[in-house]
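Written below as structure tokens is the structure these notes are about.
Here, residue 1 is the first one in the sequence, and each next residue gets the next number. These values consider heavy atoms only, across backbone and side chains, with no hydrogens, waters or symmetry-generated copies.
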Amino acid sequence: VTASDVDTARLVVLVNQTLARRLAEPSTLVGRPVKFAVADFNSRGPATPWTVVGIVADARDEGPRAIVEPEVYVPMAQGPGEVFDWIGRRVLIAARSKDGTRVAPADLRTAIAGVEPGLAIYDLLTLDDRLRRHLVTERTITAVLVPVGLAGFALAAFGLFTLLMQIVVGRRRELAIRMALGATSGGVIRSLVHEALQLTATGAVVGCAGAVLVGRVLSPLVFGVSPSDPLTILILVLLTVVTTIAAVWLPAQRAAAVDPASVLRAD
């Protein structure tokens, strides 16, 4: 779209990627004619086509949570007035500095006034500020849920650590008998770790399934990420495995270092 695309010139249109994929192969769409079913776009008659002159990236006009819809972009000089009435004849202007620095609102107002002095200018925000406004709900929920989730995981890890330690301590007599019959301390420790990891694996499978189900329930609150992020689940499983090994290894090592005869005499 250029400055020469005036009302008397050939009708041209830009389409977004979503619409391009629906119409044809995007690589072959530029230069092809399209027709609108909406009568407001057919001011020159229904037989007059619009020529696709470019494909633009998809945009979520209603916020980051919105679904990308098929969209067309027509030059203001060629778009029928009825079409601009749909949006209240509002125009969204995006400005970017050449050096990447922040554009000052006063400078933007001055630049727009130099082109159209009578234009009413409002709602001046940077892209970061506009995105921050849309993400107030998500960030509030995250600020609450992240500490609660971390506290819950820490509590669960502490409970698992304590439980496994108590189980190993309660099996001192069994460990002493096994070592008295010839079992090595390393073999005893490996056996206990293996048993604990089997229980942990069962719990991890159940926990991962629950995480996926809960993630689907919470999916409307997130965007741009999977509701069941594999990396997050993997990290939590690894932390649980490390907690399990530490909870078994430490008391098992102490129990294996004690003379079996003294344990049996004390019991």
How close do [X] and [Y] get, counting heavy atoms only, and between which atoms?
X: R132; Y: R139; answer: CG-NH1, 3.2 Å
X: R32; Y: A24; answer: NH1-CB, 3.2 Å
X: P49; Y: L11; answer: O-CB, 3.9 Å
X: A20; Y: I55; answer: CB-CD1, 3.9 Å

Listed by chain and number, what are the side-chain contact (heavy atoms from CB on, under 4.5 Å) partners of [X], not counting sequence neighbours?
X: R96; result: none
X: P70; result: T18, L19, R22
X: V144; result: none
X: Q198; result: H194

Please determine whether residues [X] and [Y] belong to a single hydrophobic cluster, defined as Ile, Leu, Val, Met, Phe, Trp and Tyr linked transitively by side-chain heavy-atom distances below 4.5 Å.
X: L119; Y: L124; result: yes
X: L125; Y: L108; result: no
X: I233; Y: L213; result: no
X: L14; Y: V68; result: no
X: V12; Y: Y73; result: yes

Candidate pair V15 and V34, rule side chain to side chain contact (heavy atoms under 4.5 Å, CB included), full reasoning = CA-CA 10 Å; V15 300; V34 295; 5.7 Å; no

ask   = How does the hydrophobic cluster around L238 look, that is, which other residues are in it when side-chain heavy atoms under 4.5 Å mark a link?
value = L234

message = Clusters formed by hydrophobic residues whose side-chain heavy atoms approach within less than 4.5 Å: which one holds L236, and what are its other members?
response = F153, L231, I235, L239

query = What salt bridge (charged side-chain N to carboxylate O under 4.0 Å, His left out) pairs are there with at least one residue in residues 180-199, not counting sequence neighbours?
reply = R171-E195

query = Does anything in residues 104-119 pair up under salt bridge (charged side-chain N to carboxylate O under 4.0 Å, His left out), and if so which pairs, sequence neighbours excluded?
reply =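 Pairs touching residues 104-119 that pass the test: none.
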
Point-to-point distance, once rounded to the nearest 0.5 Å, from [atom1] of [X] to [atom2] of [Y]:
X: L23; Y: L29; atom1: CG; atom2: CG; answer: 5.5 Å
X: T240; Y: I245; atom1: OG1; atom2: CD1; answer: 11.0 Å
X: L150; Y: L155; atom1: CG; atom2: CG; answer: 12.5 Å

Could you pull out all residues at least two apart from [X] that satisfy side chain to side chain donor-acceptor pair (under 3.5 Å)?
X: T126; answer: D129
X: D123; answer: R130
X: T200; answer: T244
X: E69; answer: none

message = Quick one: does any side-chain atom of D58 pair with a main-chain N or O of Q17 as donor and acceptor, under 3.5 Å?
response = yes

